[in-house]
Amino acid sequence: VPKTPPRLVRTSTRGQMLAGARPTRRCNPVKSIASPPVAVCQRPGFHNAVLRPYYASQHVSNVVMGIVWGTSAYARGCVEANLATLIDVGGDERGAFFLMPNPKYHWDPDELVRNPPKKWRIVAWWIAPEFLDQTRSWVNRAPSSSSSSSSPCSSDSC
């Protein structure tokens, strides 16, 4: 009996196999159930008494430092593709926000330029005043591609 090669199958919305169906797009094969809702409440004064001192003792996030130094390949790629911007918030003493596509949803800046999504998910990172000069230096030096109409940051609205 000759062996026939396995056919590609895709799953329906209910997880049933549809034999002979050709896959129409890539999909995440991992199925998960929704997390139960949880209500979190803080007692009055908890933030000032516990959280503020805790966060004040922590180092800056490695994600933020990758943006500050320009060592994040994703942030650098977004700047070069004109998908990210640095927005001042009223003077150097107040810091700035670095806006870019959220890497949890948009994995490849080049792919975003080639195939713009219908829905952009943007993340904003606050850059402390102490790090502005360093951040501006690489953002302003980064080669940027020509202005793209698909870019969320190509107009004055970003």
Side-chain angles (χ1 to χ4, degrees), residues 11-16 25-158:
T11 58
S12 71
T13 56
R14 293 186 176 198
Q16 301 159 337
R25 63 185 173 111
R26 292 186 313 182
C27 64
N28 184 351
V30 176
K31 304 291 182 202
S32 62
I33 59 173
S35 299
V38 176
V40 178
C41 299
Q42 288 183 3
R43 295 185 183 268
F46 179 80
H47 181 81
N48 286 336
V50 177
L51 292 181
R52 188 170 297 209
Y54 172 76
Y55 287 122
S57 69
Q58 299 305 305
H59 298 286
V60 177
S61 157
N62 63 327
V63 174
V64 172
M65 292 313 296
I67 293 169
V68 167
W69 292 329
T71 57
S72 165
Y74 185 83
R76 186 171 286 284
C78 287
V79 169
E80 291 171 358
N82 201 27
L83 298 172
T85 190
L86 192 61
I87 299 177
D88 292 322
V89 291
D92 287 354
E93 68 278 356
R94 293 189 178 160
F97 283 100
F98 183 85
L99 275 68
M100 68 179 179
N102 191 331
K104 289 182 181 178
Y105 299 96
H106 309 294
W107 299 336
D108 181 7
D110 294 330
E111 179 66 22
L112 287 172
V113 173
R114 285 190 303 273
N115 299 313
K118 292 179 182 176
K119 183 177 182 179
W120 289 89
R121 295 176 186 248
I122 305 296
V123 64
W125 294 95
W126 180 71
I127 307 299
E130 295 85 359
F131 301 125
L132 271 182
D133 289 338
Q134 196 169 8
T135 306
R136 281 190 188 120
S137 69
W138 77 263
V139 168
N140 294 336
R141 278 193 329 259
S144 63
S145 61
S146 62
S147 172
S148 168
S149 61
S150 64
S151 168
C153 295
S154 64
S155 66
D156 293 334
S157 64
C158 191

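We number each residue from 1, following the sequence as shown. These numbers were taken from a predicted model, which means no experiment stands behind them.
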Next on the checklist: Enumerate the salt bridge (charged side-chain N to carboxylate O under 4.0 Å, His left out) contacts for residues 117-128, please, sequence neighbours excluded, ordered by first and then second residue.
Outcome noted: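 Salt bridge (charged side-chain N to carboxylate O under 4.0 Å, His left out) check on residues 117-128 returns no pairs.
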From [X] [atom1] over to [Y] [atom2], what is the distance, rounded to the nearest 0.5 angstrom?
X	Y	atom1	atom2	answer
W69	F131	CH2	CZ	8.0 Å
R94	L132	CZ	CG	13.0 Å
T135	E130	OG1	CD	11.0 Å
L99	I122	CG	CD1	7.0 Å

Checklist entry - Any donor and acceptor pair, going by atom type alone, linking the side chain of N102 with main-chain N or O of K104 inside 3.5 Å? => result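 Flag set: sc N102 to bb K104 pair under 3.5 Å.
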Item to check | Expected output: side-chain W138 to main-chain I67 donor-acceptor under 3.5 Å | outcome: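 Side chain of W138 to backbone of I67: a pair is present.
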Decide yes or no for [X] and [Y]: does some side-chain heavy atom of the first lie under 4.5 Å from some side-chain heavy atom of the second?
X	Y	result
V139	F98	yes
C78	P101	yes
F97	L86	no
V113	L83	yes
V63	W125	yes

Checklist entry - Which heavy atom in P103 sits nearest to a heavy atom in W107, and how many Å separate them? => result O-CD1, 3.0 Å
Checklist entry - How far apart are the C-alpha atoms of M100 and V123, what are their side-chain angles, what is the distance that settles it, and do they pass the side chain to side chain contact (heavy atoms under 4.5 Å, CB included) test? => result CA-CA 6 Å; M100 68 179 179; V123 64; 3.9 Å; yes
Item to check | Trace of the side chain to side chain contact (heavy atoms under 4.5 Å, CB included) decision for D108 with R114 | outcome: CA-CA 10 Å; D108 181 7; R114 285 190 303 273; 4.0 Å; yes
Item to check | Listed partners of D92 passing salt bridge (charged side-chain N to carboxylate O under 4.0 Å, His left out), at least two apart | outcome: R136
